[in-house]
Amino acid sequence: MPVTVKTFQALSEAASALSSDRAARYLGGGTLVMRDLNEGDVSMTTVVRATDRSLQTIDGSGARVRIGAGVTFARVLAERDLGFLHPAARSIGGPAVRNMGTVGGNLFAPAPFGDFTVALLALDGLVAVQGGFGLRDMPLEEFLQSRDRQAGALVVAVSCIRPASADAFRYRKISRIKPKGGSVITLAAHVPQSGGRVTGARIALGSMAPTAIRAKGA
Ligand SMILES: Cc1cc2nc3c(=O)[nH]c(=O)nc-3n(C[C@H](O)[C@H](O)[C@H](O)COP(=O)(O)OP(=O)(O)OC[C@H]3O[C@@H](n4cnc5c(N)ncnc54)[C@H](O)[C@@H]3O)c2cc1C
């Protein structure tokens with residue numbers, strides 16, 4: 001079955017191409033999309049790409065770090081400023097997957113994938129979504145809960161808190177095959193302390209549900 005590839009410079013045009021065609025899918029790094037295409041997935045007749053520079057931008061200057069959806073894990077690992085996210089980026093696949101796979105694509109990856117998203121969820125992640133209504137930020141938790149309905153939306157960037165200290169954030173991925181097996185469970189914990197007391201702890205789990213979830217009881 002032929003597949004049409006549509007490339008847009010403007011985010012708004014890419015977003016409307018996605019939302020107006022149920023058989024269109026956005027192409028990030030393609031580690032999952034190309035696999036589906038190669039396996040003969042006929043539900044996809046159009047592949048949409050966008051070249052806007054904001055998809056590749058990293059802004060770590062404020063209290064929140066903003067990462068373009070098209071940023072690869074290899075790039076995250078090359079940014080010294082994003083050291084707190086390196087364990088999560090390093091835990092994803094092998095070098096080829098890290099060179100191609102993107103932060104935006106990870107939001108849509110089905111369990112047992114989506115490891116980077118677990119770290120973002122613990123760090124109070126926000127998702128910048130471009131739709132027909134323009135660009136808006138939504139909490140990552142809300143985005144994941146309605147992920148199936150986000151299929152026609154274009155994710156432009158994600159942002160998260162920068163932990164105040166290295167001790168305040170921990171990430172672990174448990175897998176049967178090392179170093180690059182699928183997750184059995186992925187854990188990320190942001191436990192900030194103030195005056196010897198824990199305030200606003202957020203713990204997130206991967207591979208425990210179809211999407212990353214928060215352990216609110218803890
Ligand atoms: C061998 C192998 C090992 C892997 N190991 C891991 C692992 O250890 N951990 C892990 O988490 N994942 C793993 N993955 C899964 C995958 O590589 C990653 O989750 C990666 O982040 C997906 O990103 P991508 O850019 O390649 O997504 P793509 O394949 O481009 O897209 C995946 C989905 O996301 C959508 N999408 C992508 N970008 C956007 C956007 N900006 N806006 C809207 N929709 C978008 C696509 O339409 C598609 O539905 C592995 C994959 C392979 C093939």
Side-chain angles (χ1 to χ4, degrees), residues 3 5-6 8 11-12 14-19 21-39 41 43-52 54-57 67-77 85 87-121 127-131 135 138 140 143-144 146-158 171-186 188 204-207 210-212:
V3 174
V5 179
K6 294 183 178 173
F8 301 93
L11 295 174
S12 56
S16 59
L18 274 178
S19 59
D21 180 357
R22 282 170 153 254
R25 264 168 91 186
Y26 188 78
L27 181 72
T31 57
L32 295 175
V33 168
M34 291 310 296
R35 193 174 65 170
D36 290 348
L37 277 175
N38 291 337
E39 283 174 357
D41 182 343
S43 68
M44 193 183 340
T45 57
T46 305
V47 164
V48 173
R49 297 173 63 236
T51 57
D52 190 282
S54 60
L55 291 163
Q56 304 297 335
T57 305
I67 307 173
V71 170
T72 64
F73 301 113
R75 253 195 85 201
V76 171
L77 286 167
L85 290 170
R90 204 176 294 118
S91 78
I92 291 170
V97 170
R98 291 194 289 272
N99 277 335
M100 299 292 293
T102 65
V103 169
N106 203 255
L107 302 177
F108 295 87
F113 296 148
D115 294 314
F116 198 78
T117 304
V118 179
L120 295 176
L121 186 58
V127 185
V129 181
Q130 175 83 46
L135 192 64
M138 68 190 288
L140 174 57
F143 176 91
L144 292 172
S146 59
R147 188 171 68 175
D148 292 347
R149 281 179 276 128
Q150 307 294 340
L154 173 63
V155 174
V156 177
V158 296
Y171 171 91
R172 288 281 184 283
K173 172 178 169 181
I174 313 297
S175 55
R176 290 198 179 87
I177 303 165
K178 293 202 163 48
K180 55 180 183 175
S183 160
V184 175
I185 181 170
T186 301
L205 305 171
S207 294
T211 68

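Ligands are counted one by one from 1 in listed order, and the atoms in each one are counted from 1 as well. Predicted model only: the values in this text are computed from it and were never measured.
Shown here are the side-chain hydrogen bond (donor to acceptor under 3.5 Å, both in side chains) partners of Arg49, two or more places apart in sequence or in another chain: Thr7.
Taking CG from Asp41 and CZ from Arg25, the interatomic distance works out to 6.0 Å, rounded to the nearest 0.5 Å. Considering CG of Leu120 and CG of Leu140, their distance stands at 6.5 Å, rounded to 0.5 Å.
Residues lining ligand 1 at a heavy-atom distance below 4.0 Å are given as Arg25, Tyr26, Leu27, Gly28, Gly29, Gly30, Thr31, Leu32, Val33, Ala69, Phe73, Ser91, Ile92, Gly93, Val97, Gly101, Thr102, Gly104, Gly105, Asn106, Phe108, Ala109, Phe113, Gly114, Asp115, Ala153, Leu154, Val155, Lys173, ordered by chain and residue number.
Residues Asn99 and Phe73 fail the side-chain proximity criterion, which asks for heavy atoms closer than 4.5 Å.
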Verdict with supporting geometry, Phe116 and Tyr171, ring-ring contact (aromatic ring centres under 6.0 Å, His included): CA-CA 10 Å; Phe116 198 78; Tyr171 171 91; 8.4 Å; no

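In plain terms, the two heavy atoms of Ala188 and Ala119 that are nearest each other are CB-CA, 3.8 Å.
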